[in-house]
Amino acid sequence: MSGGKHARPKGTRDWMPEDATARRRVEQAFRHTAAVFGFQEIITPTFEHTEIFIKSSGEGSDVVTKEMYSFEDRAGRNLTLRPEGTPGVVRAVLEERMKPPLRLYYHGPYFRYGRPQKGRLREFHQLGVEVIGERNPAVDVEVIQLGAWFFERLGIADCATQLNSIGCRECRPAYRAELVAFLSGRVAALCEDCRTRLERNPMRVLDCKRETCRLQFAEAPKPAGHLCPSCAEHFARVRAELDRRGLRYELNDRLVRGLDYYNRTTFEYLSARIGAQDSIGGGGRYDYLFEEFGGPSLPAVGFALGLERTMMAMAENPAPARRRLAFLVCVTEAQRPAAVDLLARLRADGVAAQMSYEDKPGRQFKAADAARAACCVVLGPDEVARGTVSLKDLVTGEQTEIPANIVIPEVRALFRD
RNA sequence: GUGAGUGUAGCUCAAUUGGUUAGAGCACCUGACUGUGGCUCAGGAUGUUGGGGGUUCAAGUCCCCUCACUCACCCCA
């Protein structure tokens, strides 16, 4: 039933033990992939001064104008729960005077105020990487490859990589003017949203989802066709290197990412199986952001992926296996002290063990089953008299009596399969 | 922020055109089982029908408000 007295805040979720386990696996896989590519972890605060995000995402962006969790602290400082990862990393790199080139990865919770839907929460989690201080197009490719490998490792088969280039300071103004000129002649055919986009951020008109708008854009000038020579070369080298590494991608000349700080390469990973919010990750180059933060001119490229969306795109987990947990059962209370001692020995040896304090053995087995334990270690008068224990495999139901002193290796052996 | 849809037991869902005591499956509890979980059988408990107001002789059912969830738009992970 929904709407109890103490319900979760809107747009948040609970991670039940099974969910938490699955999430850990994804996070570990990401750590591993990032580490293999030479990245090191960086952890930055969950909230920052609000101006950090305004500066990087852009004053008029939707994220800034209507999606931030901002608040004043008790001393009147204006703070914001981070809506994305890159600004905090950039700030930290400058503030801590870290020496480029840098390869950093991060993960954690992010916050955006908006109406929740499938694949969009108010508190969500991202995993991301940033390469700072490298201009070479091969680095863009490495970052794209990292993401592709990661998704592949998770078994996300139907994941498409889309690629585009949106130019730089040199070529964008001219292109932009041309696009505006083109669109201005067709305002009447555009939807309400696109008309406001035309004024605010014309390039966004390109990825409108409406069929009527899309028809208009068929002949619209595209960013990739208006690159300056050096951007064109960069883009060509990115594509050549992707091909050389055998990475599959599709060009999407409408891929214009939402955050203002991107330039040149932009890319996105899409999954068809997670609903309308089909982007499971995306990124691109941001060669100007450090300057805008008052730092040196530092080229950079990175990407972030959504943990929740990624997990939705993953194949359903197979039947939940039993836990690597041994459950102690004592047949009568007389064996309780011996059982408690054995419990401690198992735990001291790193074997997860637990026991029920029900009196009847039947209850204790039931508790073991309910806890999804892999086996029971049974202590009864007979076993104690013989210096043995009975080990019951809860999957097969087989029970064997073994010398008490080999319990730990036997339980371990049982866990192995 | 905009729009649409949905809220009935722990879960999934029933309940004639408004009509008497709101049902079923699964799960749960008890027993058959005084040294053994799952399987079987026999019993058992469970609801302020999300909340508040209204219409009516009568509301789970109709109307209004509110809350929550879902999906989509916007935007993005």
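Residue numbers begin at 1 in each chain, while the letters A, B, ... track the order of the sequences. Just so it is clear, the values below take in all heavy atoms, side chains as well, and ignore hydrogens, waters and symmetry mates.
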So, E250(A) versus Q162(A): side-chain donor-acceptor pair below 3.5 Å or not? yes
Heavy atoms under 4.0 Å, any strand shown: does [X] hit a base, just sugar-phosphate, or nothing?
X	answer
L121(A)	base
A368(A)	nothing
G281(A)	sugar-phosphate

Rounded interatomic separation in angstrom, taking NE2 from H107(A) and P from rA77(B): 19 Å
Of the options Y261(A), F293(A), F303(A), which is the one that meets Y286(A) in a ring-ring contact (aromatic ring centres under 6.0 Å, His included)? Y261(A)
Mark up nucleotides 33-38 of chain B, 5' to 3', with B wherever a protein heavy atom is under 4.0 angstrom from a base atom, S wherever such an atom reaches only the sugar-phosphate, and - elsewhere. --BBBB
Separation between CZ (F53(A)) and OG1 (T86(A)), nearest 0.5 Å, reads 10.5 Å
Counting only distance, no hydrogens or angles, is the base of rA77(B) paired donor-acceptor with the side chain of R120(A) under 3.5 Å? no
Classify the side chain of R115(A) and the base of rC75(B) as holding, or not holding, a donor-acceptor pair under 3.5 Å. no
Which dot-bracket string describes RNA chain B (Watson-Crick N1-N3 plus N6-O4 or O6-N4, or G-U N1-O2 and O6-N3, all under 3.5 Å; [ ] crossing; | other strand)? (((((((..((((.....[...)))).(((((.......))))).....(((((..]....))))))))))))....
Phosphate OP1/OP2 of rU70(B) contacted by Q117(A) side-chain N/O (<4.0 Å): no
